[in-house]
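Have a look at the structure below before the remarks.
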Amino acid sequence: MSDKQHLYLVDGSAYIFRAYHRLPPLTNPEGTPVGAVYGYTTMLWKLAEELHKANGPTHLAVILDKASKSFRNDIYEDYKANRPPPPEDLVPQFPLIRDATRAFSLPCIEEEGLEADDIIASYARAATRKGWDVTIVSSDKDLMQLVGTCAENKDDPEFPGGGCVDMLDTMKNQRIGPEEVADKFGVPPEKVGDVLALMGDSVDNIPGIFGVGPKTATKLIQEHGSLAAALDAAPDMKKSKLKERLLEGREMAELSRILVALKEDAPLPMPMEDFRLNEIPPQPLIDFLSTHGFSSLLKRVEAGTGSPARPTELNPAKADRDKEAAPSSPEGNRQPLPDMPAVDRSAYICVQDEATLEDWIARAFAAREIAVDTETSALDAMGADLTGISLAIGPNEACYIPLGHGGSDMFAEKPAQVPLERAVALLKPLLESDAVLKVGQNIKYDINVLARHDIALAPIEDTMVLSFDLDAGRSEQGIGGGHGMDELSERHLGHTTMKFKDVCGTGKKAIPFGEVPLDKATEYAAEDADVTWRLYQHLRPRLAAESGTRIYERVDRPLIPVVAGMEREGIRVDRDALARLSQEFSERIAGLEKDIHEIAGEEFTIGSPKQLGAILFDKMGYKGGRKGKSGQYSTDQAILEKLAAQDAPIANKVLEWRQLAKLKSTYTDALQAAINPRTNRVHTSYSLVGAQTGRLSSTDPNLQNIPIRTDIGRQIRKAFVPEKGNVLLAADYSQIELRLAAHMADVPPLKEAFDKGEDIHARTAEELFGTVDRDTRARAKTINFAILYGISRWGLAGRLGVEADEAQAMIDRYFERFPGIQRYIVRTLEEVREKGFSETLFGRKTWFPRIGSKNQNERQGSERAAINAPIQGTCADIIKRAMARMMPALTEAGLGHVRMLLQVHDELVFELPESDVKAASTVIERIMGEAALPAVSLDVPLAVEIGTGASWDDAH
DNA sequence: TCGTTCACG
DNA sequence: GACGTACGTGAACGAG
């Protein structure tokens, strides 16, 4: 063996992320998640075993990221700003990485202000300069810049041979040398930095050049030789998108080049000679492995099969820094509102006695406008218990009233609190007083919590709904659709709120809010009320200024208590019927599975599109082609149906298997689990801000997608039943979106057909094709829907199974027969481009910030959505208006006991005594049919179809 | 977490 | 120059 030294540099931080996603979520005997640590440990093990082997390590060190900020943030403050926080069950594993490294008696290097990549680069350079070889254990593309022979040393007699750098991906067990890098990037390693600078990196938030991806970046560097040359050549390129982008993005690319460059001259925290890898002392390793229950590795140590050992001293000073606090999130630096002091959590009061509570109630009455927030033991308003209430009456004037704190530890003393009953009795007049406005963030939740204590919270305002009515579509999608309090606070107040998880923890270690110490609970809860109060002051004036008053006051705000009531009602489901279905589906699934495996000739996971694709197209040789950027075969319904038509018996079996598996997991199993034990009914939760168009959405469980289109699926609908003596009544708007399109786009022939109660698709077929038969009617129906969704010739062609030319001809014909439709589309798009938003007949706005995007896909997607939004949104407005008026109208007719249970976009479901069906139907039909009036007078009638029965299915 | 698939309007 | 192509949702699952 030669004397050549070989330094292994392990990129520990990057490794653990990959290990986390690759390995199952193991926990150690104490319940701490250790899956990623296990992966890391086995990797070190493997590397240690390589000692003494040819090309194995003589020296080894683990390099870790110290903190999230580095010198790159000084150059570009948004560097890594897009990084999502690490998963919660990974966080506790970070310190364990150091424990594991120490258990192997290996050095662990980390340095403030430097990323692991920079430390690795600096060691690699220093080592190659001495003629050592270096292997970087990582698969990070940034590090690929370092791969290769260190040319500068090659001819230097002092360092015979020069040092080589390669990389090792231990997960794929793959060496990455210059050729592999060239394969991946199309350029040699020393030019990888130029390519990276052009393409950017969304995860690290390296800007790169917009619209330039890996392919284009590679091509540019190949052609011009370097980033600088490519940028210099831009002015002489022929006119193209790319040229514009290069000219526009020059600065960003140059900045990116600096960001992706690795720092190769950082001071080395420890001489690399100290990284010498020796036999590993067994005891620390044994201790570590047994603590975490890694028994198979433990056995191998004890059997003496693994013991390289001790390098130099560890770095004991670093151990103390393990528990470094997470870096605080970047403070939003927007101005606070004028005349409002900054949020000061120390000003909040914890109310623990009656006298103080009475004082706050008196002040709240005087304030006339207060924010209210309830804290509960869990997230589900129907199942959770009240833990406390906070009130805010002005900026920093907020209190928290604990009502259910302590109690889980029976030996600990409960904190002093006003007894729940007493507090509720004192607060009720305030919370129900017409003279005091109660503002909440998602106040529907608080309404439902308080309703269980016989408090009818009113009158109300909701900052979440306000934000939605002003800004729907403006922000990125996310939890709360961009209307969550933390986001709103950041955006409008420039204030970073305390996060629930910082107070209660997350995952297994999470504690209920009632176990949070009162000082901390007060800071958190009172801040929520304070921030809500401030947001209201900020958002409410915008309503009038931005013409949002109409939709908020006339449609959305009145709906809040109505939807809250529907959620509290819930709907009964027949548990036994669902259990029988689950059983039946299980058996049929098992049978199909057997058949499918038999036909395939092997066992595989049918639910894995990847495996299924491999079986169908690789093994069995059916034609079907690749699809999607993942390079995976598509196996969706349309493809399988094509295969079935090609006489592939396996396809039908898979289709049936899919259907049954879906129905079982999503419906028959899940719905049984969703039955509330207190009420014995299923209570969905509606989101008022869930869909950008103004529709509601339904979650936990979603009751807006219960099957209806197939017989087997309808079995599930049969399990939705009334209480004994009652029936379910379903009232549907018939063809409401087409009716609205006919009105809004002014299409006389369609309006006339609706007026006369004709079959609208038949009428369309008549207009388009001159004849009506099954085929032309079906085509006309498809086209009608295509219009509502923003048509494209390719989309229509795909649906109709014709060529794009033919589809285009039909579209042309449609526009010719119904010129109003084309005018509507043009007008709508012009308006959206000009103003940035679309509007419904009732003034609901939906913003389309990407309508002017340079990205064709993005832009056209926005255009289609913008064509659809006014129609879908107007439909949502209309049924919302009907819902808000429904119970008062029924009550006036002496039918106050009729219960409105569900909304499914164009349908309302009620439960009522059979004897009231006739009277109630009259009221329901009238309220729904007249819902647009008096604000809007439609040119088409709104037809309502009503059915009743002993189940939701029977009601259709 | 992401992509795929599929349930609904 | 290729790609993916109808609008709006939510849930489950496999894979990395």
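When reading the values below, keep in mind they use all heavy atoms of this one structure, side chains included, and skip hydrogens, waters and symmetry mates. Residue numbers start from 1 in every chain, and the chains themselves are labelled A, B, ... in the order their sequence lines are given, proteins ahead of strands. Because the structure is a prediction, the values reported are computed rather than measured.
Looking only at distances, no side-chain donor or acceptor of A:Thr216 sits under 3.5 Å from a matching main-chain atom of A:Val212.
Taking the side chain of A:Gln872 as heavy atoms from C-beta on, and the options C:dA15, C:dC7, B:dA7, the nearest nucleotide is C:dC7. Residue A:Asp636 places its side chain closer to B:dT5 than to any other of C:dA15, B:dG9, B:dT5. Listed nucleotides C:dG14, C:dA11, C:dG8 differ in distance to A:His905; the shortest reach to its side chain belongs to C:dG8. For A:Val904, the side-chain atoms get nearest to B:dG9 when compared with the rest of C:dA6, B:dT5, B:dG9. Minimum atom distance to the side chain of A:Arg717 is reached by B:dC8, of the listed C:dA6, C:dT5, B:dC8. Checked against C:dG10, B:dT5, C:dG8, the side chain of A:Asn705 finds its nearest nucleotide in C:dG10. Of the listed nucleotides (C:dT9, C:dA12, C:dG10), C:dT9 has the atom at the smallest distance from the side chain of A:Gln692.
In this structure, A:Lys664 forms no cation-pi arrangement with A:Phe585, as its terminal cationic atom is not both closer than 6.0 Å to the ring centre and no more than 45° off the ring axis.
If you measure from atom CD1 of A:Ile821 to atom C1' of C:dA6, you get 15 Å, rounded to the nearest angstrom. To the nearest angstrom, P of C:dC7 lies 12 Å from CG of A:Leu788. If you measure from atom NZ of A:Lys664 to atom C1' of C:dA11, you get 15 Å, rounded to the nearest angstrom. Atom CD of A:Glu858 and atom P of C:dT5 are 15 Å apart (whole Å). Taking atom CG of A:Leu655 as the reference point, atom P of B:dT5 lies 12 Å away to the nearest angstrom. Atom CD in A:Gln856 sits roughly 13 Å away from atom P in C:dG4 (whole-Å rounding). Distance A:Phe585 CZ to C:dA12 P: 16 Å, rounded to the nearest Å. Counting to the nearest Å, the C1' atom of B:dC6 and the CD atom of A:Gln704 are 16 Å from each other.
With the 3.5 Å cutoff on both pairing distances, Watson-Crick and G-U pairs in DNA chain C assemble into runs of at least 3 at B:1-9 with C:7-15.
Residue A:Ser634 places at least one side-chain N or O under 4.0 Å from the OP1 or OP2 atom of B:dT5. An OP1 or OP2 oxygen of C:dA15 is reached within less than 4.0 angstrom by a side-chain nitrogen or oxygen of A:Ser608. For B:dG3, the OP1/OP2 oxygens have no side-chain nitrogen or oxygen of A:Lys610 closer than 4.0 Å.
Proximity of A:Arg859 to A:Arg850: side-chain heavy atoms (C-beta onward) are nowhere separated by under 4.5 Å. Residues A:Val682 and A:Asn676 form no side-chain contact, since every pair of their non-hydrogen atoms from C-beta on lies 4.5 Å or further apart.
Contacts of A:Ile708 with the nucleic acid, taken as non-hydrogen atoms under 4.0 Å apart, involve only primed sugar atoms and P, OP1 or OP2. Looking at heavy-atom distances under 4.0 Å, A:Thr216 makes no contact with the nucleic acid at all. Within 4.0 Å (heavy atoms only), A:Arg695 reaches at least one base atom of the nucleic acid. No contact: A:Ile871 has no heavy atom under 4.0 Å from any strand. Across all strands shown, A:Asn857 has heavy atoms under 4.0 Å from base atoms, whether or not it also approaches the sugar-phosphate. Residue contacts for A:Arg658: at a heavy-atom cut-off of 4.0 Å it reaches the sugar-phosphate backbone alone, with no base atom in range. Nucleic acid contact for A:Asn702: sugar-phosphate only, since backbone atoms but no base atoms lie under 4.0 Å from a heavy atom of the residue. Nucleic acid contact for A:Lys662: base, since at least one base atom lies under 4.0 Å from a heavy atom of the residue. Residue contacts for A:Gln611: at a heavy-atom cut-off of 4.0 Å it reaches the sugar-phosphate backbone alone, with no base atom in range. Nucleic acid contact class of A:Gln637 (heavy atoms, under 4.0 Å, all strands): sugar-phosphate only.
Spacing of P atoms, C:dG4 relative to B:dT5, comes out at 13 Å, to the nearest Å. Nucleotides B:dG3 and C:dT5, compared at atom P, are 13 Å apart to the nearest Å. Taking the P atom of each, B:dT4 and C:dA6 are spaced 14 Å apart, rounded to whole Å.
No hydrogens or angles were tested; on distance alone, nothing pairs the side chain of A:Arg709 with the base of B:dA7 as donor and acceptor under 3.5 Å.
To the nearest 0.5 Å, atoms CD1 (A:Ile606) and CD1 (A:Ile650) are separated by 8.0 Å.
Map A:Gln860 and A:Asn868 each onto its nearest nucleotide of DNA chain C; the residue landing nearer the 5' end is A:Gln860.
Closest approach of A:Ala217 and A:Leu198 over heavy atoms only: CB-CB, 3.7 Å. Taking every heavy atom of both residues into account, A:Ile760 and A:Leu738 meet most closely at CG2-CD1, 4.0 Å.
Salt bridge present: A:Arg695 and A:Glu737 bring a charged side-chain N and a carboxylate O closer than 4.0 Å.
In this pair, A:Phe785 and A:His761 present their aromatic rings tilted. The plane angle is within the 30 to 60° band. Ring orientation note: the planes of A:Tyr814 and A:Phe818 are nearly perpendicular, at an angle over 60° on the 30°/60° scale.
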